[in-house]
Amino acid sequence: MHRSERAEKLSGSEGFEQYYSSLFNERWPALKASLAGEPAYTEWSAGGRESYFLDAASVRAAVSLPLTGAERVLDLCAAPGGKTLVLACLMSPSATLVSNERSPERRNRLLRVCDSCLPEDIRQRVTVTCSDGAKWCRARSECYDAILLDAPCSSERHVLSDPKYLLQWTPSRIKTVAMEQWALVSSAYRLLAPGGFLLYSTCALSPAENDEIIARLSKKFADAVPDRAKTMPPYDRNRVLTFCSGTLPDAERTTYGWHILPDAQNSAGPIYFSLVRKMP
């Protein structure tokens, strides 16, 4: 029986265990144990009425999006809002940010986060919208200088924490989510201006939702160039420390991006991210 055919027969907690054991081998027990705990939260204080707590790995991903010279910034799948806060604080004082979420309920949460956590001068430059980001490219193109796409994903940490979702798990779920991710990333790339940067991220473990999405993107678009540097994308540490205390986690290199895994980073993550530039 072909490997993919064997995978399709997996289901439930036993199938989940077999699938991820085959991906991570002897590392899987420690990684699984770390996923069962709480993420390593850090406080982001933007200067609004309230602070916001998010996974330190999410901060490390968001600060990897270059914002120098980016006047039009987009967070395409923004709820609950932590990465939007990071972008809003770090973008140029003259820049604007569109923060989008397709779910009306989640959009309302995003709106509350922006209203309560951002100071008024920054909040005025953030527009919150509610629509399907996969369809944006039908009406516009090449209109943003920097885009963050934190795509919906399998979120294995949440699957493990919920017996109902674990019982329902099958590999076909990964295929379905990957199709949705492809629709979003290909739309986001069409929205990106030449010379701009797209940061794609997920909290998934499977390469099918991570590196394989970026591999497909670079194959589809000749001007899409993933960052293949040996070191993580740099960021302005001093500026970030004005909003966020503590040390941000390191990541492990993958073919097209970086993976922050909680067993190696004191419970931070999992977060995968890849930085792609559209060549001018």
Side-chain angles (χ1 to χ4, degrees), residues 30-67 73 75-91 97 99 101 106 109-119 122-123 126 128 146 148-153 155-158 160-161 197 199-205 210 231-254 257-275:
L31 179 54
K32 180 183 177 183
S34 68
L35 291 169
E38 284 291 316
Y41 290 111
T42 191
E43 182 179 9
W44 187 270
S45 299
R49 298 190 309 274
E50 301 175 5
S51 295
Y52 188 88
F53 290 85
L54 71 164
D55 192 328
S58 294
V59 176
R60 184 60 183 94
V63 301
S64 297
L65 177 63
L67 295 174
V73 184
D75 188 352
L76 192 57
C77 297
K83 293 184 180 70
T84 276
L85 298 181
V86 174
L87 297 182
C89 291
L90 299 182
M91 67 183 183
L97 169 63
S99 186
E101 172 56 44
R106 285 170 58 82
R109 183 181 177 188
L110 170 63
L111 191 61
R112 289 194 297 270
V113 167
C114 290
D115 289 344
S116 61
C117 297
L118 289 174
I122 296 178
R123 179 66 185 89
V126 178
V128 177
L148 189 151
L149 171 59
D150 186 29
C153 68
S155 187
E156 290 88 352
R157 185 189 281 274
H158 292 101
L160 277 171
S161 69
F197 289 92
L199 189 122
Y200 172 82
S201 68
T202 79
C203 57
L205 295 177
N210 297 330
T231 56
M232 277 195 293
Y235 66 95
D236 187 335
R237 294 177 183 270
N238 290 332
R239 191 175 181 196
V240 169
L241 284 173
T242 65
F243 303 104
C244 176
S245 61
T247 303
L248 298 184
D250 291 324
E252 302 168 31
R253 196 65 172 102
T254 67
W258 299 88
H259 220 169
I260 301 174
L261 295 171
D263 62 323
Q265 295 300 322
N266 298 315
S267 296
I271 288 289
Y272 168 88
F273 63 93
S274 178
L275 184 64

>> Could you go through Val128 and Cys114, starting from their C-alpha distance and side-chain angles, then the distance that decides it, and tell me whether this counts as side chain to side chain contact (heavy atoms under 4.5 Å, CB included)?
In response: CA-CA 9 Å; Val128 177; Cys114 290; 4.1 Å; yes
> Would you call the rings of Tyr272 and Tyr200 parallel, tilted or perpendicular, where under 30° means parallel and over 60° means perpendicular?
Replying inline: perpendicular
> So, Asp115 and Arg123, do they make that salt bridge, N to O below 4.0 Å?
Replying inline: yes
Shortest non-hydrogen contact from [X] to [Y]?
| X | Y | answer |
| --- | --- | --- |
| Leu248 | Tyr235 | CD1-OH, 3.6 Å |
| Ala40 | Ala268 | CB-N, 3.7 Å |
| Pro119 | Gly47 | CB-O, 3.8 Å |
| Met91 | Leu97 | SD-CB, 3.7 Å |
| Ala57 | Gly269 | CB-N, 3.5 Å |
| Leu35 | Pro262 | CD2-CG, 3.8 Å |

> Can you list the steps and then say if Phe243 with Glu43 is a side chain to side chain contact (heavy atoms under 4.5 Å, CB included)?
Replying inline: CA-CA 8 Å; Phe243 303 104; Glu43 182 179 9; over 6 Å; no
>> Can a donor-acceptor pair be found, under 3.5 Å and without considering hydrogens, that links the side chain of Ser201 to the backbone of Ile271?
In response: no
> Would you say the side-chain atoms of Glu101 pair up with the backbone N or O of Cys77, donor to acceptor, closer than 3.5 Å?
Replying inline: no
Between [X] and [Y], is any side-chain donor less than 3.5 angstrom from a side-chain acceptor?
| X | Y | answer |
| --- | --- | --- |
| Ser34 | Ser267 | no |
| Arg157 | Ser161 | no |
| Thr202 | Asn210 | yes |

>> Taking the ring centre of each residue, are Trp44 and Tyr52 less than 6.0 Å apart?
In response: no
> At what distance, to the nearest 0.5 angstrom, does CG of Leu65 lie from CG of Leu87?
Replying inline: 6.0 Å
> Say you draw a straight line from CZ of Phe273 to CH2 of Trp258; how long is it, rounded to the nearest 0.5 Å?
Replying inline: 7.5 Å
>> Walk me through whether Ile260 and Asp250 qualify under side chain to side chain contact (heavy atoms under 4.5 Å, CB included).
In response: CA-CA 7 Å; Ile260 301 174; Asp250 291 324; over 6 Å; no
> Can Val113 and Thr84 be said to form a side chain to side chain contact (heavy atoms under 4.5 Å, CB included), step by step?
Replying inline: CA-CA 9 Å; Val113 167; Thr84 276; over 6 Å; no
